[in-house]
Asker: 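To start, I am sharing the structure in question, which I have written as structure tokens.
First listed ligand is number 1; within each ligand, the first listed atom is number 1. Values in this document were obtained by computation on a predicted structure and should not be read as measured data. The analysis underlying the following values was restricted to heavy atoms, covering all of them including side chains, and did not include hydrogens, waters or symmetry mates.
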Amino acid sequence: MSIVVVGSVAYDTVETPRERRERQLGGSASFFAVAARGRGPVRCVGVVGDDFRAEDLDLIGRHADIAGIARVPGRSFHWSGRYHADLIERDTLATELGVFADFRPEIPAAWRDSEYLFLANIHPALQAGVLDLMRGPRLVALDTMNLWIETTPDLLRAILRRVDVLLVNEGEARLLTGERSLARAAAAIAAMGPARVIVKKGEHGALLFGRESVLAVPALILDDVVDPTGAGDCFAGGFMGSLAQAGVGREAPDAAFRQAMLDGTVTASFCPEGFSVEGLLRADDAAYARRLATLRTMMCP
Ligand code: AMP
């Protein structure tokens, strides 16, 4: 079962207390594609400029079909951020849209029947444009951020009516709903459309507010955090890859989503261990299986 992802394919300049990396491969769709580990398979929709290095496109192409990534004249999307000493809080220093400013997503005709759709964090009008082109996916998940909640609330509300799973962090859930309690925020989001809400809590794990139950999954405890950029997108890649592999659609009971929550958590755990996608690339099947076993032990005394 195939997954279409639309999102940023970007260059990131990241400063941590220890190191600074200039224009490394980033973007929500890039992290998602590498994180899905060939499950799906993943079909990427996005745009890059003529400054985008061939080796970076090749790298994404080793993990996903990149026929939907357009290359056009201009600069690639560039995001720059600085992490605080805790390696959790970060300040966005710059968001340069570049070729993203005029991006109108096109989906290859053969991809429009794909069963799964992940609308990664981009302008809600672009997310809606992609959803309009799809023919009845089995499950639609969406990620967003403060920027869109604050600047394009109506567009976001309109697309949420057509979404099955929303992935947000705690702050975004509260901002979107005005509710302090996460339980109330999740209920308010469900009333907006998505029957299932995943609240990402970084080093504290993730919650799945389902139709009839709540699942809490802790995060794996890491020895070393190098660069957490993209961990949320990696969670989404692991989660959606798992659903696609198991054929879980929107009609499935909450219990069918449990394994996907574990796969998202394990996948996300590799991301902060390196810059860009380096941590993900180092994770082989054996390391993945070990972490899954550790996570199960952590959850089950
Ligand atoms: P995360 O750490 O999971 O929030 O994802 C960070 C990634 O999102 C980086 O690789 C950025 O290139 C990308 N990103 C940051 N801001 C935006 C934005 N406004 N639109 C699209 N992608 C973004």
Asker: Which heavy atom of A173 sits nearest a heavy atom of A185, and at what distance?
Answerer: O-CB, 3.9 Å
Asker: List of N/O pairs, ligand 1 versus protein, all under 3.5 Å?
Answerer:
from: ligand 1; atom 1: 2 (O); to: R90; atom 2: NH1; distance (Å): 2.9
from: ligand 1; atom 1: 2 (O); to: G230; atom 2: N; distance (Å): 2.7
from: ligand 1; atom 1: 3 (O); to: G232; atom 2: N; distance (Å): 3.3
from: ligand 1; atom 1: 3 (O); to: D233; atom 2: OD2; distance (Å): 3.2
from: ligand 1; atom 1: 4 (O); to: R90; atom 2: NH2; distance (Å): 2.9
from: ligand 1; atom 1: 5 (O); to: D233; atom 2: OD2; distance (Å): 3.0
from: ligand 1; atom 1: 10 (O); to: D12; atom 2: OD1; distance (Å): 3.4
from: ligand 1; atom 1: 10 (O); to: D12; atom 2: OD2; distance (Å): 2.5
from: ligand 1; atom 1: 10 (O); to: G27; atom 2: N; distance (Å): 2.7
from: ligand 1; atom 1: 12 (O); to: D12; atom 2: OD1; distance (Å): 2.6
from: ligand 1; atom 1: 12 (O); to: G27; atom 2: N; distance (Å): 3.4
from: ligand 1; atom 1: 20 (N); to: N121; atom 2: O; distance (Å): 3.4
from: ligand 1; atom 1: 22 (N); to: S8; atom 2: OG; distance (Å): 2.8

Asker: Mind checking whether V165 and V140 sit in one hydrophobic cluster, side chains of I, L, V, M, F, W, Y counted as touching below 4.5 Å?
Answerer: no
Asker: I need the full list of side-chain hydrogen bond (donor to acceptor under 3.5 Å, both in side chains) pairs touching residues 231-244, with sequence neighbours left out, sorted by first then second residue.
Answerer: S242-D263
Asker: Salt bridge (Lys or Arg N to Asp or Glu O under 4.0 Å) with E150: which residues, sequence neighbours excluded?
Answerer: none
Asker: Backbone N or O of E273 within a donor-acceptor pair of the R282 side chain at under 3.5 Å?
Answerer: yes
Asker: Can you sort out the partners of R112 under salt bridge (Lys or Arg N to Asp or Glu O under 4.0 Å), two or more places apart, ordered by chain and number?
Answerer: E106
